[in-house]
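Written out below as structure tokens is the structure these notes cover.
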Amino acid sequence: MGPDLKEARKQGRKVGTKLLAQLIEKHKMWDITGDEKFDEHFDECIRLPGSDSRWDKAKKEFITAVEKIFVEDACNGF
């Protein structure tokens with residue numbers, strides 16, 4: 001018996017994904033890994049080498065951090 005950590009992670013992932021989308025929208029950030037399509041010339045001029053992988057990594061780390069907060073809360077609330 002104990003806290004349901006799988007459910008806590010699931011809820012954290014859901015909230016983290018929504019929170020990240022809100023942050024990107026509110027602060028007018030350009031998620032270069034998103035579905036938005038831009039002119040190819042503009043796209044090549046703006047992106048730094050490896051920026052796609054850095055964006056993906058940062059997004060995954062953000063969502064994982066929110067998951068960990070939910071797990072910690074579930075443990076502390078038990």
Side-chain angles (χ1 to χ4, degrees):
M1 178 141 168
D4 187 354
L5 300 183
K6 287 183 182 181
E7 183 63 24
R9 278 189 198 91
K10 181 180 172 184
Q11 290 299 317
R13 191 175 312 116
K14 183 179 175 182
V15 170
T17 302
K18 288 182 180 181
L19 183 58
L20 180 61
Q22 288 176 351
L23 287 170
I24 289 171
E25 183 179 331
K26 180 179 179 181
H27 297 288
K28 310 273 190 269
M29 297 169 75
W30 179 25
D31 181 0
I32 61 172
T33 62
D35 295 331
E36 301 173 61
K37 303 294 180 198
F38 294 96
D39 179 62
E40 288 181 24
H41 176 71
F42 180 72
D43 192 31
E44 291 174 8
C45 293
I46 293 297
R47 290 186 186 188
L48 295 172
S51 58
D52 287 327
S53 62
R54 286 191 302 273
W55 254 101
D56 281 334
K57 182 180 180 219
K59 291 190 308 185
K60 287 177 186 173
E61 288 175 351
F62 180 85
I63 292 170
T64 300
V66 176
E67 286 178 21
K68 288 179 181 180
I69 290 171
F70 272 68
V71 168
E72 188 69 27
D73 182 61
C75 291
N76 288 337
F78 182 70

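For reference, positions follow the sequence shown, starting with 1.
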Is Met29 close to Trp55 at the side-chain level, that is, under 4.5 Å between some pair of heavy atoms? yes
Nearest heavy-atom approach of Cys75 to Pro3 is CA-CG, 4.2 Å
Mind checking salt bridge (Lys or Arg N to Asp or Glu O under 4.0 Å) for Lys10 and listing every partner two or more places apart, or none if nothing turns up? none
side-chain hydrogen bond (donor to acceptor under 3.5 Å, both in side chains): pairs with one or both residues in residues 68-78, sequence neighbours excluded: none
List the residues meeting side chain to side chain donor-acceptor pair (under 3.5 Å) with Asp4, not counting sequence neighbours, and say none if there are none. none
Of Glu7, Arg9, Gln11, which meets side chain to side chain contact (heavy atoms under 4.5 Å, CB included) against Phe70? Gln11
Who else is in Val71's hydrophobic cluster (ILVMFWY, side-chain heavy atoms under 4.5 Å, direct or via others)? Leu5
Please list every donor-acceptor pair under 3.5 Å in which a side-chain atom of residues 15-28 meets a protein atom from a residue at least two apart or in another chain.
residue: Thr17; atom: OG1; partner: Arg13; partner atom: O; Å: 2.8

